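Below: one structure, written as structure tokens.
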There are 2 protein chains.
Amino acid sequence: MPQKRILPYIILGLLQECPLTGKEITLQFKNEIGEFWKASHSQIYPELTRMQADKWIDESEIDKDGRKKYYQITSLGKQILANWINEPVIELPLNRDLFSLKLFFVTQKDAEVIEKLFNDQIILISEQLKHLKAREALLFTDESQIQEHYGHYLILKRAISRQEGQLAWLKTTLADFK
Amino acid sequence: MPQKRILPYIILGLLQECPLTGKEITLQFKNEIGEFWKASHSQIYPELTRMQADKWIDESEIDKDGRKKYYQITSLGKQILANWINEPVIELPLNRDLFSLKLFFVTQKDAEVIEKLFNDQIILISEQLKHLKAREALLFTDESQIQEHYGHYLILKRAISRQEGQLAWLKTTLADFK
DNA sequence: CGAATCATGTAAAGAGTTACATGATTGG
DNA sequence: CCAATCATGTAACTCTTTACATGATTCG
């Protein structure tokens, strides 16, 4: 048996707000959600078909003629989403971090290797952080935006906090090392 | 084509220090490495066979009679490991965080749900942090330990820093919310 | 109209998880 | 000696990614 399916619940969560096409769902994974889960269109389209068969979602009347297919959440889907959110999270987040792995295998004498690893990683994280902060400035200009999309606001904040923490650690550890 | 193979490099990194059995390698993933990559024995044993066929590792003479199989890194393996470490890391770390995902889908009126999510997560992270700090106290009692296993020390520190950052964010955000 | 791209979908293959299997060893 | 477990290995199945495919639309 494989690992527990998460993707359909994420799709339900997105459709909870408004009907979306497969393409639009795919694009969401380039934004905040992508910080905490990845999925590509070749997973999403079959998943939508399956969820429709299971009556978690159905096809929306919006733009029915056009070539885009809008899906909307059903009342069954809403229940399933609520149940999932209420299930306690008992696993730690999974992190796959090549930087940390490479660090694991260096010895203190590999000074150049260590410094290069750190410098590259600092650049990488800095760029991502800049991108996240730009999104924050764009989307959450006033309090009403925050109220309306509170969950989105929280996980964007969380992503920013995480990257800032990493960046700070990288910089102080590199400074200590030198 | 699938994602890039990482496991063999991790195994090389472990074998760089001393010969190990498949079982011992498996157990390493319950320690620091498990913070940044997961693997189970059913991946590791076939991978060892494959790496031996590719001459990245070979069977050690240690305990050759016993039922345990010790593997050691070859000089080819050492080169391949060094090359891998020197390749720049261009991808961001992958994070899969169910807590953040669930947070994404709540609205501000779901006060109980949000508080429960936060409280559960605080407990989860606290326990993990306690465990990591216990390992730190156990392994790195003096400076010579740090020198000798510098990479191990760094990624343990990194894991601790990460969890502490998350915990601080969880606590202040929960306090703000109330 | 022709080229680029959009939106949807399918195919192929390795990655990773859980469960099952087996012979050796240990311990009461 | 029998049960538990150890160390290794295999099997079945899903996940995930990359590449390929196709018809509709847009734009110069």
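Chain letters run A, B, ... following the sequence lines, proteins first, then strands; residues in each count from 1. Fair warning: this is a prediction, and the values are worked out from it, not measured in the lab.
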Query - Atom-pair distance (CG on Leu94(A); P on dC15(D)), nearest Å - result: 15 Å
Requested in this report: Can you tell me the distance, in whole Å, between the NZ atom of Lys68(A) and the C1' atom of dG9(C)?
Outcome: 17 Å
Query raised in the report: Looking only at side-chain N and O atoms, does Lys69(B) come under 4.0 Å of OP1 or OP2 in dG9(D)?
Result: yes
Query raised in the report: Under 3.5 Å, is there an N or O donor on one side and an acceptor on the other linking the side chain of Ser40(B) and the base of dT18(C)?
Result: no
Query raised in the report: How close or far is atom P of dG16(C) from atom CZ of Arg50(B), stated in whole angstroms?
Result: 11 Å
Report task. Measure from CG on Leu7(B) to P on dT17(C) and round the result to the nearest Å. Result -> 10 Å
Requested in this report: Answer yes or no: does a side-chain N or O of Lys4(A) lie under 4.0 Å from OP1 or OP2 of dC15(D)?
Outcome: no
Requested in this report: Please check if Ile155(B) and Leu94(B) belong to a single hydrophobic cluster, counting links between Ile, Leu, Val, Met, Phe, Trp and Tyr side chain heavy atoms closer than 4.5 Å.
Outcome: no
Report summary line: Note: contacts of residues 21-30 of chain A with DNA chain C (heavy atom, under 4.0 Å) are Thr21(A), Gly22(A), Lys23(A)
Requested in this report: Would you indicate, yes or no, if dT16(D) has its OP1 or OP2 atom less than 4.0 angstrom from a side-chain nitrogen or oxygen of Arg96(B)?
Outcome: yes
Query raised in the report: Hey, does Gln128(A) have a side-chain heavy atom less than 4.5 Å from the side chain of His131(A)?
Result: yes
Query raised in the report: When the distance from CD1 of Ile6(B) to P of dT16(D) is rounded to whole Å, what number comes out?
Result: 16 Å
Report task. Examine dT17(D): is either OP1 or OP2 under 4.0 Å from a nitrogen or oxygen in the side chain of Gln43(A)? Give yes or no. Result -> yes
Report summary line: Leu20(B) atom CG is separated from dT8(D) atom C1', nearest whole Å, by 16 Å
Query raised in the report: Can the ring centroids of Trp56(A) and Tyr71(A) be said to lie less than 6.0 angstrom from one another?
Result: no
Query raised in the report: Between Tyr45(A) (OH) and dT10(C) (P), how many Å, whole number?
Result: 11 Å
Find every protein N or O atom lying less than 3.5 Å from an N or O atom of nucleotides 20-22 of chain D, and list the pairs.
none

Query - Distance-only side-chain donor-acceptor flag, Gln166(A) / Gln121(A), under 3.5 Å - result: no
Report summary line: Rounded to whole Å, the CD1-C1' distance (Ile11(B) to dT8(D)) equals 14 Å
